[in-house]
There are 2 protein chains.
Amino acid sequence: MKTADPELMRAINRFTVLDTIRRHGPISRVEISERSQLSTTTVSAITASLLDDGLILTRHEGDIRNAASRGRPRVMLVLNPDAARVVGAKIAAHQMHFVVTNFCGEVISHLSLPIRVNRQPVGVISDLIEDGVRRCVVDAGLSLDEIDTVCIGFPGVIEHRTGLVRSSPILSEPDVDFAREMSQRLNVATIVESDSHAITLGHHWFGKGRDLDDMVLVSLEQTLGLGVLNGGQLFRGAGGLSHNLGDLMMGSGLAETIRLSAVAGEQAILGEQSQQGRFAEAVRLGRGMAHAQALIAAEDNGLTAAATRAGEAIGIAVANIVTLFGPPRVVIVGSSLLLGEVFLNTLADAYRRAIPPSIREVAELVFENSPDEMWAQGAAVVALCELYESPWGTTGPAPAPQF
Amino acid sequence: MKTADPELMRAINRFTVLDTIRRHGPISRVEISERSQLSTTTVSAITASLLDDGLILTRHEGDIRNAASRGRPRVMLVLNPDAARVVGAKIAAHQMHFVVTNFCGEVISHLSLPIRVNRQPVGVISDLIEDGVRRCVVDAGLSLDEIDTVCIGFPGVIEHRTGLVRSSPILSEPDVDFAREMSQRLNVATIVESDSHAITLGHHWFGKGRDLDDMVLVSLEQTLGLGVLNGGQLFRGAGGLSHNLGDLMMGSGLAETIRLSAVAGEQAILGEQSQQGRFAEAVRLGRGMAHAQALIAAEDNGLTAAATRAGEAIGIAVANIVTLFGPPRVVIVGSSLLLGEVFLNTLADAYRRAIPPSIREVAELVFENSPDEMWAQGAAVVALCELYESPWGTTGPAPAPQF
DNA sequence: GCATTTATTCCTCAACACGTACAAAATCAG
DNA sequence: CTGATTTTGTACGTGTTGAGGAATAAATGC
């Protein structure tokens, strides 16, 4: 059972203030007070502490109130971008993406490695990731010592609490303790998280979920993932396991049942078609979906049928997710969106037909083909979220005194 | 955003202590301190306040420590059963159940009304419920003034926050504000909650979920419902909507897709068979499932086939729920369990085949045909939960001074 | 220059958790 | 029967925290 002491109270309010400053750009203390329902004096005390810890900065310039306003001008507060730096990574079958971001989540450097890591031994993959992280950090003009946290977004079933990769299409073995592996290699605190969860938080901070504290994100990549945002926080099921949409069974009887990934996974859509020359090459290079769109536009019947099947199945699955979670918005991302109109229209249509009438108006569907960088940025956001919640001034590591 | 002040801190710790006393029977202050990680002095202060408010009682008898123990004997604390009384109700198509419970959730009186309310106008149903509540309260030797809260468990999609019945097989209209309706009739604070949520909390307090703070319950009655317990609390999706398992679509393509309720709902299983005389009569009286079991035992081929189809579909759906929520236990309740071995075995078998191998060991299935009284008791627990969380001594209504 | 307005800070108060010391109530030893 | 022992529960003081009011700071308008 969680016990409440003054420390927890302080942590909550500190987080509230910090998050308000992050969300609402340059903001004055009074406005924080209004938004957070905290008294001005409490806000002042907390912001003083945050300023003292170097997490926020004052800016006297940007008082954007009605210019002809009397009274003492507001002092605007902003996040100190240099308060911390984190690395976010997205690992996929055919490429890796790395970003270094500052405390605001803004990308400082970006590295894309088009390397096929599929089914390589764990050691090889760790090597490649370690290399990518180090290079991206150097590109940002930093050294690893200056990085606070690394977060690696992985496809598959991830146990966030322990950092265990339960199963992933990229790794040939189950139950790999990737968090420990990378922590030891980099000597930096490392988090492992599902790539779907990462992009969910990424969209909450910077993308299509900025205005909502409750939403659901469906990611259609090599694996079919799910992220549920509940009250501004990721909903991690019991044990912190990430969800794997691809493992859902579609069908009412065992005879005609099929796993969603077998209809709508990347491999399922492209698989049948990928025998022939140039297309197979594209798939191997991770550009299968873009290529597929061209083929569909050129009326490739086999692919069109596969895309239609996939769209239908996913539309139904999304309707089921809405039935269970009732979010006001469903953001759909991932490389499969590249399949184009046919796929998207089928999906939206199947959704409309499958959703029960009584909750038809509850959720809106939003399609967004986020750039790869955003996935990595989302992983960085996961890391930042943990930093935000961690106690800094009081119990955290004291900043080394400078002489 | 939720702000933290001393009041919140106190509320949290008060709840922790109260809940610890409820769960672990007669318990001494030191033991509370050990279990809750609160200091002994804090526990002492809080228990003093609880004693002062009359929510708990001291019991000097039951020091069950090693009998030959020296030192000052422990004073055991228990919930004061008479601190409050609530009414819980379960409304179903063919019958209503009411219970009055004390502050511990123990049933004081129980009333079962075998009335068919299916599709009656709202006014008629409210009348019947009002009557049932009043009779049950009188049976308990009480008057309505002495009841603190009423909670009514309804099948269908319920919006707990607003007390709105979004849709229910019992009501012919959608979006009925049942909470207000009953509050006005009874002049007692009334909560409306999904019957699945009610039985979920009921099992958490008294049934198969007593030892777990995370679990999932699937209810198979006229509607197919779901309750998710997360960290000891009901997980209510965005907007507080209850889930409706029956609205899930089973199938990967629209052509072969069917709603779960159309395969595994009570009507779907019994519907085809219920034309003939005695069976139709049983169904009308709400005893369809029990009768069906007898017919299946007598090798009624049509019914057996229907039960098998339903079991398969539900097994698959449960596997999907486990994929999404990853609970350590799934409790399956409801009248459909009466269908017997064929149904249960098919369900368990379909589940085993549908669950992804990587999480096969995560969840255990538990079947439990809870008595109707337990559903009503669960509704009472919902009411009690709200009482527990509400502030009593400080900000709540001060007890009228007695002269 | 002075009143006015607004943002921020200083000071005091109440509530809380916690640690220490002390009182209470039983057992055990002689 | 008396006193030491052991364990439990409580009174007091300290250090948090946040809230509210008074005072201060910094601009505008007349």
Side-chain angles (χ1 to χ4, degrees), chain A residues 1-17 26-52 56 58-77 391 393-395, chain B residues 1-17 21 26-52 56 58-77 391-395:
Chain A
M1 191 75 66
K2 202 163 196 172
T3 134
D5 40 16
E7 199 178 321
L8 174 72
M9 190 166 54
R10 178 197 172 122
I12 293 174
N13 287 338
R14 257 178 92 94
F15 177 79
T16 304
V17 170
I27 187 175
S28 67
R29 291 177 173 83
V30 256
E31 211 177 332
I32 296 172
S33 164
E34 287 165 10
R35 283 189 186 279
S36 64
Q37 310 281 1
L38 260 51
S39 76
T40 56
T41 111
T42 303
V43 170
S44 214
I46 293 176
T47 51
S49 155
L50 292 173
L51 281 166
D52 198 49
I56 61 174
T58 59
R59 279 206 347 205
H60 294 268
E61 323 133 23
D63 188 347
I64 327 179
R65 273 182 310 167
N66 192 349
S69 83
R70 317 200 290 183
R72 177 172 173 176
R74 306 178 166 184
V75 176
M76 306 310 260
L77 302 170
T394 46
T395 59
Chain B
M1 192 75 67
K2 202 162 198 170
T3 130
D5 41 17
E7 199 179 318
L8 175 72
M9 188 164 56
R10 179 198 171 125
I12 293 175
N13 287 338
R14 256 179 93 95
F15 177 79
T16 304
V17 170
I21 295 174
I27 186 175
S28 68
R29 291 175 173 83
V30 259
E31 209 176 334
I32 296 172
S33 164
E34 288 165 9
R35 283 190 186 275
S36 64
Q37 310 283 357
L38 258 50
S39 74
T40 58
T41 132
T42 302
V43 170
S44 215
I46 293 177
T47 51
S49 155
L50 292 173
L51 281 167
D52 198 48
I56 60 175
T58 57
R59 281 207 346 206
H60 295 267
E61 324 133 22
D63 187 348
I64 326 180
R65 274 183 309 167
N66 191 348
S69 82
R70 318 201 289 181
R72 178 173 171 175
R74 306 178 167 186
V75 175
M76 306 310 256
L77 301 170
W392 281 74
T394 46
T395 60

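Residue numbering restarts at 1 for every chain, and letters A, B, ... go by the order of the sequence lines.
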* Base, sugar-phosphate, or nothing: which does V75(B) touch, judged by heavy atoms less than 4.0 Å apart? -> sugar-phosphate

* Rounded off to whole Å, could you give me the CD-to-C1' distance for the E7(A) and dC16(C) pair? => 14 Å

* Kindly say if R29(A) contacts the phosphate of dT6(C), meaning a side-chain N or O under 4.0 Å from OP1 or OP2. => no

* Asked: Between I46(B) (CD1) and dA15(C) (P), how many Å, whole number?
  -> 15 Å

* Is there side-chain contact between I46(A) and L38(A), with at least one heavy-atom pair below 4.5 Å? -> yes

* Can you tell which of dG9(D), dT9(C), dC16(C) lies closest to the side chain of M9(B)? -> dC16(C)

* To do: Drop me the distance from I21(B)'s CD1 to T16(B)'s OG1, to the nearest 0.5 angstrom.
  => 11.0 Å

* Asked: Any side-chain N or O of N13(A) less than 4.0 Å from the OP1 or OP2 oxygen of dG18(D)?
  -> yes

* Asked: E34(A) has an atom CD; how far is it from atom C1' of dT6(C), in whole Å?
  -> 12 Å

* Structure fact -> Of dT9(C), dC16(C), dA17(C), the nucleotide closest to the side chain of R10(B) is dC16(C)

* Using the C1' atoms of five pairs at each end, what's the angle between the two axes of the helix from dG1(C)-dC30(D) to dG30(C)-dC1(D), to 10 degrees? -> 20°

* For R14(B) and dA15(C), give me the distance from atom CZ to atom C1', rounded to whole Å. => 14 Å

With 3.5 Å as the limit, what N/O pairs link the protein to nucleotides 20-24 of chain D?
unit_1  : atom_1 : unit_2 : atom_2 : d
dG20(D) : O6     : T41(A) : OG1    : 3.4

* **Qualifying residues under side-chain hydrogen bond (donor to acceptor under 3.5 Å, both in side chains), relative to T47(B), sequence neighbours excluded** => R29(B)

* **For S33(A), side chain to side chain contact (heavy atoms under 4.5 Å, CB included) partners two or more places apart** => T40(A), V43(A)

* Asked: Can you check the L51(A) CG to dT8(C) P distance for me, whole Å?
  -> 11 Å

* Structure fact -> Output for pair (M9(A) CE, E7(B) CD), nearest 0.5 Å, gives 11.5 Å

* Structure fact -> Those residues at least two apart in sequence (or on a different chain) that pass side-chain hydrogen bond (donor to acceptor under 3.5 Å, both in side chains) with S39(A) are T42(A)

* **Nucleotide dT10(D), atom C1' - distance to CD1 of I32(B) in whole Å** => 15 Å

* Verdict with reasoning, I32(B) to L77(B), per side-chain contact (heavy atoms from CB on, under 4.5 Å) -> CA-CA 10 Å; I32(B) 296 172; L77(B) 301 170; 4.1 Å; yes

* Is V17(B) close to I56(B) at the side-chain level, that is, under 4.5 Å between some pair of heavy atoms? -> no

* Asked: What distance separates I27(B) CD1 from S36(B) OG, expressed to the nearest 0.5 Å?
  -> 8.5 Å

* Nearest-angstrom distance from the residue atom CG of L38(A) to C1' of dA19(D) -> 10 Å

* Asked: Expressed in angstrom and rounded to an integer, what is the separation of Q37(B) atom CD from dG19(C) atom P?
  -> 12 Å

* **Candidates dT10(D), dC18(C), dG9(D) - which lies nearest the side chain of S44(B)** => dT10(D)

